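Given the structure is predicted, the values throughout are model-derived calculations rather than measurements.
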Amino acid sequence: MPISRRVLTPITAAPVILAVLCFFFWSSIIGPDNLKGTKHVLQDAKTIPLPVDGPESLEFDPQGEGPYVGVTDGRILKWRGEELGWVDFAYTSPHRDNCSSHEVVPSCGRPLGLSFERKTGDLYICDGYFGVMKVGPEGGLAELVVDEAEGRKVMFANQGDIDEEEDIFYFNDSSDTYHFRDVFYVSLSGTKVGRVIRYDMKKKEAKVIMDKLRLPNGLALSKNGSFVVTCESSTNICHRIWVKGPKSGTNEVFATLPGSPDNIRRTPTGDFWVALHCKKNLFTRAVLIHTWVGRFFMNTMKMETVIHFMNGGKPHGIVVKLSGETGEILEILEDSEGKTVKYVSEAYETKDGKLWIGSVYWPAVWVLDTSVYDSI
């Protein structure tokens, strides 16, 4: 039986109505939230360009030199100051022939979180393809340290931190299916396959201390070593995992963030800086409604489109400071227009009052004097 004109008209009109609504309200649909109490200061940060994209994590060696950064083409670079600039320090793969400065090539590896062991000078590297690796103080080719835990391969080592007293390296394995290049698909899929791993550096044993997480991204150890904080990029929730004391073996929600977290760094006073890749918007809220919503977008959109929507069509910079005791939000710093700082992946505060900022995609790091926002 043919469809009547009365039924056909609303059906054919629906796309037109949707298109009109999107035209007039698009900025509201994907626009990032406006946050109360934020300090708009990141646009005043000094830019230090790199010859390659993606200084995802920053670290300083035991002598205070650096920062060192892991970049898109699989290398770790060291900053030697204005005169010498960036120099090669290490790399995670011997296969360097086809490595790209702008696109991740799996055979070249992708160094993410960096952690120096202070007493040895060894640099531990979470590589988004190979697992946890290590290189000595002289740099060069890193060696594999951990690529499996409790019978499951480490697919997506992301960020770690070292308990120097106990010789323990804690790190995230963000997914058991995807590597780094598909990080946003991990976020959208809704699968709870991420885990936090405790690696005993003396016994060379890896043990899972928390699992069934949705893209655990950043990780940092508390100042007294009693707990580990890890944040899920898919849910914006930070968990506190007790590893010492009477609560050892338990976990609890530590904080809920106003956007998608990336790396975490402990401050000199024991608080935590959490980098947010982007703030919440209607699109990211829709993804959290149910796993099938995220999977729908994952199966119908290109990665670039997903990133565009998650950033509200406007890459911006935002970092959040959390209390090291309660998880309370103490500071929110932004470059809401993305004039200077974009795609923030890490914020690292040094003892000399500088806040160093890395980016997972942009070919730059930024540095801001903490006095700029402390005086506001």
- Full working for salt bridge (Lys or Arg N to Asp or Glu O under 4.0 Å) between Arg266 and Asp161: CA-CA 10 Å; Arg266 189 177 64 251; Asp161 203 354; 3.5 Å; yes
- Go through the steps for Ser100 and Asp73 under the test side chain to side chain donor-acceptor pair (under 3.5 Å), then give the verdict. CA-CA 5 Å; Ser100 168; Asp73 67 5; over 6 Å; no
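At a threshold of 4.0 Å, the pair Lys223-Asp271 does not count as salt-bridged, since none of the basic side-chain nitrogens sits closer than that to a carboxylate oxygen. Salt bridge annotation for Lys244-Glu166: present, with a cationic side-chain nitrogen under 4.0 angstrom from a carboxylate oxygen. In summary, Asp369 and Lys354 engage in a salt bridge, as defined by a charged side-chain N under 4.0 Å from a carboxylate O. Here Arg75 pairs with Asp88 in a salt bridge; the nearest charged N to carboxylate O distance falls below 4.0 Å. The pair Glu334-Lys279 counts as a salt bridge, with a side-chain nitrogen and a carboxylate oxygen less than 4.0 angstrom apart.
In terms of the side chain to side chain donor-acceptor pair (under 3.5 Å) criterion, residue partners of Glu82 (sequence neighbours excluded) are, by chain and number, Lys46. Remark: Glu143 pairs with no residue by the side chain to side chain donor-acceptor pair (under 3.5 Å) rule, at least two apart or across chains. For Lys119, the salt bridge (charged side-chain N to carboxylate O under 4.0 Å, His left out) partners two or more places apart in sequence, or in a different chain, are Asp167. Every residue meeting the ring pair (Phe, Tyr, Trp, His ring centres under 6.0 Å) condition with Tyr124, not counting sequence neighbours, appears here in chain and number order: Phe169.
Among the candidates Thr230, Ile241, Asn251, the single residue satisfying the side-chain contact (heavy atoms from CB on, under 4.5 Å) test with Ile209 is Ile241.
Both Trp242 and Phe254 belong to a single network of hydrophobic side chains, linked directly or stepwise wherever heavy atoms of I, L, V, M, F, W or Y lie under 4.5 Å apart.
Using modelled atom types, one finds a donor on one side chain and an acceptor on the other under 3.5 Å when comparing His102 with Asp53.
The main-chain N or O of Leu219 is found under 3.5 Å from a side-chain atom of Gln159 such that the two form a donor-acceptor pair. Looking at Ser222, its side chain never comes within 3.5 Å of a backbone N or O of Val228 through a donor-acceptor pair. In this structure, Asp200 contributes its side chain and Ile168 its backbone to no donor-acceptor pair below 3.5 Å. When atom types are taken as modelled, the side chain of Arg110 and the backbone of Gly70 share a donor-acceptor pair closer than 3.5 angstrom. The backbone N or O of Tyr373 lies less than 3.5 Å from a partner atom in the side chain of Lys39, making a donor-acceptor pair.
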Give every donor-acceptor pair under 3.5 Å between a side-chain atom in residues 146-156 and any protein atom, sequence neighbours left out.
from   : atom 1 : to     : atom 2 : distance (Å)
Glu150 : OE2    : Val208 : N      : 3.1
Arg152 : NH2    : Val193 : O      : 3.2

List, one per line, each side-chain donor-acceptor pair under 3.5 Å for residues 57-64, sequence neighbours excluded.
from  : atom 1 : to     : atom 2 : distance (Å)
Ser57 : OG     : Leu114 : N      : 3.2
Ser57 : OG     : Arg265 : NH2    : 3.4
Ser57 : OG     : Glu346 : OE1    : 2.9
Ser57 : OG     : Glu346 : OE2    : 3.3
Glu59 : OE1    : Arg118 : NH2    : 3.3
Glu59 : OE1    : Tyr348 : OH     : 2.9
Glu59 : OE2    : Phe116 : N      : 2.9
Glu59 : OE2    : Arg118 : NH2    : 3.4
Asp61 : OD1    : Gln63  : N      : 2.9
Asp61 : OD1    : Gly64  : N      : 3.0
Asp61 : OD1    : Glu65  : N      : 2.8
Asp61 : OD2    : Tyr68  : OH     : 2.6

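By the 30° and 60° cut-offs, the orientation of the rings of Tyr361 relative to Tyr343 is perpendicular.
In terms of heavy-atom proximity, Ser107 sits nearest to Ser93 at O-OG, 2.6 Å. In terms of heavy atoms, Ser226 sits closest to Asn224 at OG-OD1, 2.8 Å.
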